[in-house]
Amino acid sequence: MLLGSARAAERHVTPWGSDANIGSASAPFSEIRKALNVTAPDDTVIVADGSYKGFDAVGLGSTSTVTTTIAPGRNAVITTTTDRGINNPNNIVV
């Protein structure tokens, strides 16, 4: 029996959410980058259909843990952004 083991969390993101929320299904974030900033290894970020700014997924997970980002629908769009402090033309940096 394992005592004190942490369970993986789900973080939810919707265009109508708020980054002041806690990222739950009923109180989602509005940006993927916010959800990634609060994830832990083995967490899952679930992205609803909508338009989102580009994001970085650098340093998440390891050889034994993974942070997963999924968009179950077919209409999650990542737009080009230049406000990340890195000079990279890609929408998603992994």
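For the atom pair OG1 of T69 and CD1 of I32, the computed distance is 7.0 Å after rounding to the nearest 0.5 Å. Atom-to-atom distance recorded for K53:NZ and I78:CD1 is 12.5 Å, nearest 0.5 angstrom. If you take CZ on R11 and CD1 on I22, they are separated by 8.5 Å, rounding to the nearest 0.5 Å.
In plain terms, the two heavy atoms of N75 and D49 that are nearest each other are N-OD1, 3.1 Å. Closest approach of T79 to S51, counting heavy atoms only: CG2-OG, 3.3 Å. Shown here for G54 and R33, the closest heavy-atom pair between the two residues is O-NH2, 2.9 Å. In this structure, A76 and V47 approach most closely via the heavy-atom pair CB-CG1, 4.2 Å.
The salt bridge (Lys or Arg N to Asp or Glu O under 4.0 Å) analysis of residues 14-25, with sequence neighbours excluded, yields no pairs. Here side-chain hydrogen bond (donor to acceptor under 3.5 Å, both in side chains) pairs that include residues 34-45, with residues two or more places apart or in two chains, number zero.
The only member of I70, T68, I46 that meets side chain to side chain contact (heavy atoms under 4.5 Å, CB included) when paired with E10 is I46.
Taking 4.5 Å as the limit, some side-chain heavy atom of P15 sits within range of a side-chain heavy atom of Y52. With contacts defined as side-chain heavy-atom distances shorter than 4.5 Å, the pair V45/V13 qualifies. Using a 4.5 Å cut-off on side-chain heavy atoms (C-beta onward), T14 and S30 make no contact. Using a 4.5 Å heavy-atom cutoff, the side chains of F29 and V38 are in contact.
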